[in-house]
Amino acid sequence: MEGDCLSCMKYLMFLFNFFIFLGGACLLGVGIWVIVDPTGFREIVAANPLLFTGAYIMLAMGAMLFLLGFLGCCGAIRENKCLLLFFFMFILLIFLAELSAAILAFIFRENLTREFFTKELKKHYLRNNDTDVFSSTWNSVMITFACCGVNGPEDFEAVPHLPHSSLEKVTPEACCQRELQSREGMIVNKEACLAGVERFQNRQGCYTVILNSFETYVYLAGALAIGVLAIELFAMIFAMCLFRGIQ
């Protein structure tokens, strides 16, 4: 009976580690996508040190889970106590790190509010100054997502105008409608747009557009994170039980 229980635990341990292996592969894939994605999201990450660090942390965590899932599978099938102990210690460290990151994300969630982004935009945005990372990033976001400001074109009323522009009133060039939503895309009617003709402008705020675009992915990422934490917890329990059962 004890041998059957140990055998069952061994295969359950293998199954859990296989899911950890897959979870690590998913995180690794998402981390790589965030860093190399050419659609404008990469520029947002590069301009924010916190997001930039987070992307590489995600990449490192994915690689570590990928490796540990593989080691856990080998330790379970081969019934190797050394591999099982090594697996348990590293999974415990990763579990605590992920839990800490989730708590910190919850605590500092107010930094992602509409008011925070509006305040930062009005304070740091320099319109078409592409030598400024903040302004260049915002321009890329507005062009890519066909949006304007955080809430709309009215966000730019407090932003200083370019001294050499006789056309530009409030709306920056990045808010103008384009035939193709990229920096290379031709503006439909630049003069009318900068003069304030609304039908040639992107009027919707970027906060709503981006939130709607990534809402599904945020919930998916949250569900994936909860699933990974649960799997890691069960994997640690099975690893210790299997470790104690191996003679």
Side-chain angles (χ1 to χ4, degrees), residues 30 32-55 105 108-221:
V30 170
I32 293 172
W33 174 76
V34 167
I35 292 170
V36 305
D37 175 52
T39 61
F41 191 62
R42 176 181 56 187
E43 295 183 30
I44 303 175
V45 174
N48 190 319
L50 186 61
L51 290 177
F52 187 74
T53 304
F108 293 105
R109 69 190 184 283
E110 65 272 10
N111 288 339
L112 298 177
T113 61
R114 185 188 296 269
E115 292 74 20
F116 172 80
F117 285 116
T118 303
K119 180 182 176 182
E120 290 296 301
L121 179 68
K122 291 180 178 180
K123 184 178 179 182
H124 300 292
Y125 185 68
L126 300 176
R127 294 185 179 267
N128 296 328
N129 186 353
D130 285 336
T131 60
D132 178 68
V133 175
F134 184 89
S135 303
S136 176
T137 298
W138 261 107
N139 288 335
S140 293
V141 170
M142 292 190 292
I143 292 171
T144 301
F145 291 95
C147 57
C148 189
V150 178
N151 309 287
E154 63 274 9
D155 290 342
F156 298 101
E157 292 177 1
V159 176
H161 299 167
L162 292 175
H164 60 272
S165 176
S166 59
L167 288 173
E168 189 171 3
K169 290 185 176 180
V170 173
T171 308
E173 187 178 307
C175 289
C176 296
Q177 291 183 5
R178 295 169 183 258
E179 296 176 0
L180 178 66
Q181 290 308 134
S182 69
R183 284 186 176 272
E184 292 73 31
M186 294 291 295
I187 298 176
V188 176
N189 191 327
K190 182 177 178 179
E191 292 186 5
C193 170
L194 297 182
V197 181
E198 293 186 3
R199 67 192 183 94
F200 294 111
Q201 299 173 348
N202 297 315
R203 305 292 300 177
Q204 193 169 11
C206 292
Y207 190 88
T208 301
V209 172
I210 294 175
L211 193 65
N212 292 338
S213 299
F214 289 101
E215 186 176 13
T216 304
Y217 299 105
V218 168
Y219 287 121
L220 183 62

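We're numbering straight along the sequence, starting at 1.
Between Cys175 and Cys148, the SG-SG separation falls below 2.5 Å.
Of the possible donor and acceptor atoms, one in the side chain of Gln177 sits under 3.5 Å from a partner among the backbone N and O of Arg199. At distances below 3.5 Å, at least one donor-acceptor pair connects side-chain atoms of Asp155 with backbone N or O atoms of Val150. In this structure, Gln204 contributes its side chain and Cys147 its backbone to no donor-acceptor pair below 3.5 Å.
One finds the CD1 atom of Ile187 at 11.5 Å from the CD atom of Gln201 (value rounded to the nearest 0.5 Å). Rounding to the nearest 0.5 Å gives a distance of 7.5 Å between CD1 of Ile143 and CD of Glu173. Remark: Cys176 SG to Met186 CE distance equals 12.0 Å, nearest 0.5 Å. Here the straight-line distance linking atom CZ of Phe134 with atom CD of Glu120 works out to 6.0 Å at 0.5 Å rounding. The distance from the CG atom of Asn212 to the OH atom of Tyr207 is 11.0 Å, given to the nearest 0.5 Å.
At a threshold of 4.5 Å between non-hydrogen side-chain atoms, the residues Pro153 and Arg203 count as touching. Using a 4.5 Å heavy-atom cutoff, the side chains of Pro172 and Trp138 are not in contact. Residues Met142 and Asn202 are not in side-chain contact: their nearest non-hydrogen atoms beyond the backbone lie 4.5 Å or more apart.
For the pair Thr208 and Arg114, the tightest heavy-atom approach, listed with the atom from each and the gap, is OG1-NH2, 3.5 Å.
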